[in-house]
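In what follows, a single structure is set out as structure tokens and then discussed.
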There are 2 protein chains.
Amino acid sequence: MVTLEDVAKQAGVSLATASRVLNGSTRQVGAALRARVERAADELGYRANIAAQTLARGAGNVIGIVVHDLTDPYFAALADGAMRTAAGERLLVMVGTTHRDPEQEIAYVATLHAQRVRAVLLAGSRVADERVTARLAAELAAYQASGGRVACVGQDLLGVDTVAPANRDGAAALARSLAGLGHTRFAVLAGPPHLMTAADRCAGFVTAVRDLGLPAPRVVHGPFDRDGGYTAAQETGDATCVFAVNDVMAVGALAAYRERGIRVPDDVSVAGFDDIVTLRDQVPSLTTVRLPLKDMGARALELALSGGDSRVVENVPGEVVLRESVKPLP
Amino acid sequence: MVTLEDVAKQAGVSLATASRVLNGSTRQVGAALRARVERAADELGYRANIAAQTLARGAGNVIGIVVHDLTDPYFAALADGAMRTAAGERLLVMVGTTHRDPEQEIAYVATLHAQRVRAVLLAGSRVADERVTARLAAELAAYQASGGRVACVGQDLLGVDTVAPANRDGAAALARSLAGLGHTRFAVLAGPPHLMTAADRCAGFVTAVRDLGLPAPRVVHGPFDRDGGYTAAQETGDATCVFAVNDVMAVGALAAYRERGIRVPDDVSVAGFDDIVTLRDQVPSLTTVRLPLKDMGARALELALSGGDSRVVENVPGEVVLRESVKPLP
DNA sequence: GGCATACTGGAAATCGCTTTCCGGGAGGTC
DNA sequence: GACCTCCCGGAAAGCGATTTCCAGTATGCC
């Protein structure tokens, strides 16, 4: 393993000079020595030891992103957006997946803290469990106290910079659009009750329906994924319009209806949320609420990095996109 | 920032003892002191500085994964598989995305080398450019020379442990299956000529068709993504069966045909490759060649970590999955 | 020519932690 | 009771960089 000392020796200069040449510094080094050092480094195949640099400099160039599940296109898009920003700032990215286990999320924050990463980005819904949230908040506070920066995509519950999608408003707008098409009997594939993103979308939808003076939707809970949508779709009763709280569940619902010979949108209209790119070629194309996921990821990281003095909460509106999977009631 | 020294002082013990208690060691520490140290650490909110640990121990607990594009479900699945293995070994993961730029890939390897990561996993097709490949190989060799471990998912061109999907054989088997349904006029949406995964799949397919004594397929090149498939599908001429070299392209092709009123599979059969989970609910459901992507990612990381003496190349067979998007010719 | 000023190069302290080595006390054996 | 082990605690030497000083030389200005 080649160290800076080896290079310095080979070049016949001091450690300080070698460091200044190779790893950047405000100080200049004469052309002759500079060349000698560079040649030596090249010959020896020197690579700076970043752990040592981090220790010496007291600051690293790594950030952390914590997501629930990378294979979920929602998180992939968020992470991708953030990673582009990171790349622009010449930062490396450590990605952790919690697989929806809040304990893992806490553990990951602790680990990233130990790594002294510059910033931590929490992408993914909070859960409605005050004890867990409090512990996570405490862990984040400890991290921030030692100079770390934190941002979060989701609900503003942690007391950190947050990019908050307008889950309630988006779902409400969707409900009004669908009601505008003449639907009155709704069902909601609501996902897990404790997952706040799911709960907010469900609540926004239900509230809007009620405010329109329509009968309360039937709410079916279940997992937040494709199979959850598939299963929940078995229990939508006589609803003419079904709202799945995310696109992936909506796709599961479409599959369930297809199998049972129920035509979408002729027999039942289906809508989702997120406007996942990978799912745009679904047939019938999915009515949904578009969220600018990549931008949100990028923006969240910018917030964390910018290190503003005061906390920022950005509200990101969703845009209702009507497509083939819904149909006006005659 | 709380250091181990602070903890030791507060507990009234030496640095060595504190280290042994908090950060693991083969040596035992008496119960009384152990408790004192733990209490002090807790009170002070101590977090080990991993950069310092890495430096002192001479080895970190981080691995690196380099992918082309996280939002591509192919890479997401690969990465997810690897990350599960990593989590099992209590390793952290740094993810880099190259966005298909080979230079970025090389740069990333250099960076991960500098980070002294334990292993690097290269997920993603090689390109047919000997100069680039040679430079990447050199970079990897340097990394390995200093103790790093490398594995790769894709083509065995780098001289490192490799998990190689049977792209040629899979495509050939698919060709035979499709020919078995009576098709004789094929087209291939071949992706970029220089991308080896694309090229191998295309070649496997074309060769198998020729070996069957059928006319050579029309080969249409283009980007390796959804839009590439969409565009290339405009030029499939009178083919009755179209093979897109990956599922994402196949979905693009389905969209193109749909828009033009060409029915799949009635007017043209379409097949893809990979069997991407997110795309399984596509209508019509996609005939494809299934690759166990998560396992491949996991396996590749295991190879890298296992540190076997001799190099391993594992061939992963694909399984032809016939679904609705193809139809026998009458 | 003399003096202040800027640069450049090097020695050495430092970052926070691990680990070897050493010393002292407890326990076991003959 | 002497001797040998075994264990546990601490002092100190690294790990591989950065960076602060300090010194020496070249430069600018009068």
Side-chain angles (χ1 to χ4, degrees), chain A residues 1-38 40-41 44-62 111 113-118 146-148, chain B residues 1-38 40-41 44-62 110-111 113-118 143 146-148:
Chain A
M1 179 128 300
V2 183
T3 72
L4 190 58
E5 194 176 354
D6 299 332
V7 174
K9 207 167 292 173
Q10 163 117 348
V13 302
S14 76
L15 220 51
T17 302
S19 170
R20 295 200 260 253
V21 171
L22 296 174
N23 301 324
S25 152
T26 50
R27 296 247 329 232
Q28 297 279 326
V29 172
L33 289 194
R34 145 164 261 111
R36 289 234 304 274
V37 171
E38 273 163 355
L44 265 40
Y46 170 73
R47 283 306 143 185
N49 182 325
I50 299 205
Q53 282 188 327
T54 300
L55 180 57
R57 296 212 247 249
N61 60 164
V62 179
T111 306
H113 180 173
Q115 287 278 351
R116 300 298 192 273
V117 297
R118 278 248 266 275
S146 69
Chain B
M1 180 127 301
V2 183
T3 72
L4 189 59
E5 193 176 355
D6 299 333
V7 175
K9 207 166 291 175
Q10 163 117 350
V13 302
S14 76
L15 220 51
T17 302
S19 170
R20 296 201 259 253
V21 171
L22 296 175
N23 301 324
S25 153
T26 49
R27 297 249 325 235
Q28 298 278 325
V29 172
L33 290 194
R34 146 165 260 111
R36 288 234 303 276
V37 171
E38 273 163 354
L44 266 38
Y46 170 72
R47 285 300 149 192
N49 181 327
I50 299 205
Q53 282 187 328
T54 301
L55 181 57
R57 297 212 247 250
N61 59 165
V62 179
T111 305
H113 180 173
Q115 287 278 351
R116 300 296 191 273
V117 297
R118 278 248 266 275
Y143 170 57
S146 68

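To find a chain, count down the sequence lines: A is the first, B the second, and so on, and within it residues start at 1.
Comparing C:dG10, D:dC15, C:dC17 against the side chain of A:Ser14 picks out C:dG10 as the nearest.
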Worked check of side-chain contact (heavy atoms from CB on, under 4.5 Å) between B:Val2 and B:Val7:
CA-CA 8 Å; B:Val2 183; B:Val7 175; 4.2 Å; yes

Would you please test A:Arg116 and B:Arg47 for side-chain contact (heavy atoms from CB on, under 4.5 Å) and show each step?
CA-CA 9 Å; A:Arg116 300 298 192 273; B:Arg47 285 300 149 192; 3.9 Å; yes

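Regarding B:Tyr46, its OH atom lies at a distance of 10 Å from the P atom of C:dG16, rounded to whole Å. Per the geometry, CE belonging to A:Met1 stands 9 Å off P belonging to D:dA17, to the nearest Å. If you measure from atom CG of B:Asp6 to atom P of C:dC15, you get 11 Å, rounded to the nearest angstrom. Between A:Leu4 atom CG and C:dG9 atom C1' the separation is 14 Å, expressed in whole Å. Put simply, CG on A:Leu55 is 11 Å from P on D:dT18, counting in whole angstrom units. Atom pair A:Gln53:CD and C:dG16:P shows a separation of 16 Å (rounding to whole Å applied). One atom, CD of B:Glu5, and another, C1' of D:dG10, lie 14 Å apart when rounded to the nearest Å. As a whole-Å value, the separation of B:Leu22 CG from D:dG9 C1' is 15 Å.
Among the atoms of the strands shown, only primed sugar atoms or phosphate atoms (P, OP1, OP2) are found under 4.0 Å from some heavy atom of B:Gly30. Contacts of B:Ala51 with the nucleic acid, taken as non-hydrogen atoms under 4.0 Å apart, are absent. Looking at heavy-atom distances under 4.0 Å, B:Leu33 makes contact with sugar-phosphate atoms alone, never a base.
Applying the 4.0 Å criterion to OP1 and OP2 of D:dC8, one finds that B:Gln28 has every side-chain N and O outside that range. Side-chain N/O atoms of A:Asn23 include none lying less than 4.0 angstrom from OP1 or OP2 on D:dA17.
For the residue pair B:Asn49 and B:Ala51, the shortest heavy atom distance occurs at OD1-N, 2.9 Å. Taking both residues in full, the closest heavy atoms of A:Tyr46 and A:Thr3 are given as CE1-C, 3.6 Å, listed atom of the first, atom of the second, then distance.
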For residues 54-62 of chain A, which side-chain N or O atoms pair as donor and acceptor with protein atoms under 3.5 Å away, sequence neighbours left out?
from: A:Thr54; atom 1: OG1; to: A:Ile50; atom 2: O; distance (Å): 2.7
from: A:Arg57; atom 1: NH2; to: A:Gln53; atom 2: OE1; distance (Å): 3.3

Ignoring hydrogens and angles, write down the donor-acceptor pairs under 3.5 Å from the side chains of residues 28-38 of chain B, residues two or more places apart or on other chains.
from: B:Arg34; atom 1: NH1; to: B:Val29; atom 2: O; distance (Å): 3.4
from: B:Arg36; atom 1: NE; to: B:Ala11; atom 2: O; distance (Å): 2.9
from: B:Arg36; atom 1: NH2; to: B:Ala11; atom 2: O; distance (Å): 3.0

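In this structure, B:Tyr143 contributes its side chain and B:Val117 its backbone to a donor-acceptor pair below 3.5 Å.
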With the criterion being N/O to N/O and under 3.5 Å, what pairs connect the protein with nucleotides 19-21 of chain D, and how long is each?
from: D:dC21; atom 1: N4; to: A:Arg27; atom 2: NH1; distance (Å): 3.3

